[in-house]
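Reviewing the structure listed below.
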2 protein chains.
Amino acid sequence: MTLPEKTVERLSQYRQLLMRYKYLDKPHIFSKDLARMLRINPVHVRRDLMLLGFSGSHSKGYDVQKLIDSIAIKLECGAGKNGCIIGFGHTGRAALEIFAENFTPIKIVAIFDTSAKSVNNTFYGTPCYSMDKLANVIEEKKITLALLTEADEDLETIKDLIIACGIIGILNLTHVKLDLPGGVYLEEFDLRTAMIKLAYFSTQ
Amino acid sequence: MTLPEKTVERLSQYRQLLMRYKYLDKPHIFSKDLARMLRINPVHVRRDLMLLGFSGSHSKGYDVQKLIDSIAIKLECGAGKNGCIIGFGHTGRAALEIFAENFTPIKIVAIFDTSAKSVNNTFYGTPCYSMDKLANVIEEKKITLALLTEADEDLETIKDLIIACGIIGILNLTHVKLDLPGGVYLEEFDLRTAMIKLAYFSTQ
């Protein structure tokens with residue numbers, strides 16, 4: 001069964017919170033405390049963990065480490081699908097740092113960039129290739145996920161090329177809208193538009 | 001009248017697209033072409049521009065430069081509310097670059113960070129202060145918007161402090177959930193959760 005989108009979002013947040021909570025040396029947590037720390041309804045927490053197939057004890061709550069592991073397994077944070085970062089400016093580097101912290105189910109196995117400073121170097125163990133290696137490396141390394149981080153005149157061409165090479169999911173962090181064929185999953189965030197909305201809707 | 005959220009998002013996208021389109025030296029554009037380039041329904045484009053109070057010519061379409069200006073005025077891209085960036089890692093730097101490109105109605109007048117390398121330096125003309133200057137600088141420079149970019153143990157304390165000093169809008173780019181009082185506008189994006197969703201929902 002595929003989990004609902006909101007459940008996946010919240011499971012990801014539970015895991016992030018619990019990984020910090022773990023350092024407090026408390027082995028158990030109650031759903032109402034998890035809910036309070038994330039400012040959400042405890043009913044959502046209980047339903048999400050039920051969908052995960054995870055149950056706690058009435059007297060002690062949920063086992064923190066087991067819950068972290070269980071979410072990790074469900075979201076495949078251990079296995080790791082191969083991904084690449086296309087464009088290695090600040091946004092690409094922020095994404096690589098998250099991968100390096102081991103917080104993500106995406107194993108970044110390649111970076112692509114145009115800058116002579118980055119190409120042929122490795123970052124957190126991940127090699128950076130020039131853009132003309134895109135098709136070959138994606139096929140050779142069986143990469144299925146791509147993070148697009150730099151708006152480029154050729155973004156449409158790049159998109160067509162990487163989908164032809166086997167990319168089935170794209171996280172588009174540029175301000176360019178992409179038209180994707182069916183079967184390719186898209187997540188997107190445009191920092192420019194977020195800043196414009198922040199300015200427009202923040203009023204005294 | 002406050003525009004609907006989706007209209008503000010799309011106006012921001014129209015403007016970004018038109019600023020690139022302008023370089024093609026075409027002075028006019030039809031709503032159907034704008035819609036096609038953004039892969040949206042032309043009805044939305046016409047309704048958004050009507051809400052903006054902008055009208056085109058049946059034979060020539062919309063005047064590109066006037067449309068850019070009109071969106072900029074509506075979204076106050078010229079005026080610029082004062083904003084600050086709190087945390088100057090890769091995400092903070094990506095936001096500052098957008099400000100430097102003049103694409104945003106937020107005028108970044110201060111950066112706050114803990115790193116000795118950044119503090120007391122200026123970046124694109126914007127000074128970077130140490131975190132203990134937060135309250136003073138926000139009040140002195142009449143800053144109303146804050147971009148939070150680094151998850152910190154003290155994020156809750158920072159949030160309470162900046163709201164007490166006059167912040168009325170927060171763009172939270174960390175993975176920490178914030179509980180905000182009424183009257184403070186929140187935009188948020190968590191790159192970790194986006195990467196987890198990408199991996200989970202991309203399936204062959």
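In what follows, chains carry the letters A, B, and so on, assigned in the order in which the sequence lines appear, proteins first and then strands, with residues in each chain numbered from 1. Hydrogens, waters and symmetry mates are skipped; everything else that's a heavy atom, side chains included, is used.
- Pairing each heavy atom of A:Arg192 with each of B:Gln16, the nearest pair is CB-NE2, 3.2 Å.
- Residues B:His175 and A:Ile98 have side chains not in contact (no heavy-atom distance under 4.5 Å, counting atoms from C-beta outward).
- Residue A:Leu147 touches chain B through its side chain alone, counting heavy-atom pairs closer than 4.5 Å.
- When heavy atoms are compared at a cutoff of 4.5 Å, A:Arg93 approaches chain B by way of both its backbone and its side chain.
- Of all the heavy atoms in B:Ser202 and A:Gly169, the pair that sits closest is OG-CA, 3.2 Å.
- No side-chain heavy atom of A:Ile196 sits less than 4.5 Å from a side-chain heavy atom of B:Glu9.
- A 4.5 Å side-chain heavy-atom check between B:Met195 and A:Leu171 finds at least one atom pair inside the cut-off.
- The CD atom of A:Gln13 sits 5.0 Å away from the OG1 atom of B:Thr193 when rounded to the nearest 0.5 Å.
- Put simply, of B:Glu187, B:Lys177, B:Lys197, the one with the most heavy-atom pairs under 4.5 Å next to chain A is B:Lys197.
- With a 6.0 Å radius and a threshold of 12 heavy atoms from other residues, nucleotides or ligands, A:Asn41 has its CG atom above the threshold.
- At least one side-chain heavy atom of B:Leu173 sits less than 4.5 Å from a side-chain heavy atom of A:Leu191.
- Contact between A:Leu3 and B:Tyr200 at its shortest, heavy atoms only, is N-OH, 2.9 Å.
- Between B:Leu198 and A:Lys81, the closest side-chain pair of non-hydrogen atoms is not below 4.5 Å.
- Side-chain contact between A:Ile168 and B:Phe201 is absent, with no heavy atoms from C-beta onward closer than 4.5 Å.
- A:Ile170 touches chain B through its backbone: at least one of N, CA, C or O sits under 4.5 Å from a heavy atom, while the side chain does not.
- More than 12 non-hydrogen atoms from other residues, nucleotides or ligands lie less than 6.0 angstrom from CG of A:Asp132.
- Heavy atoms of A:Glu97 lying under 4.5 Å from chain B belong exclusively to its side chain.
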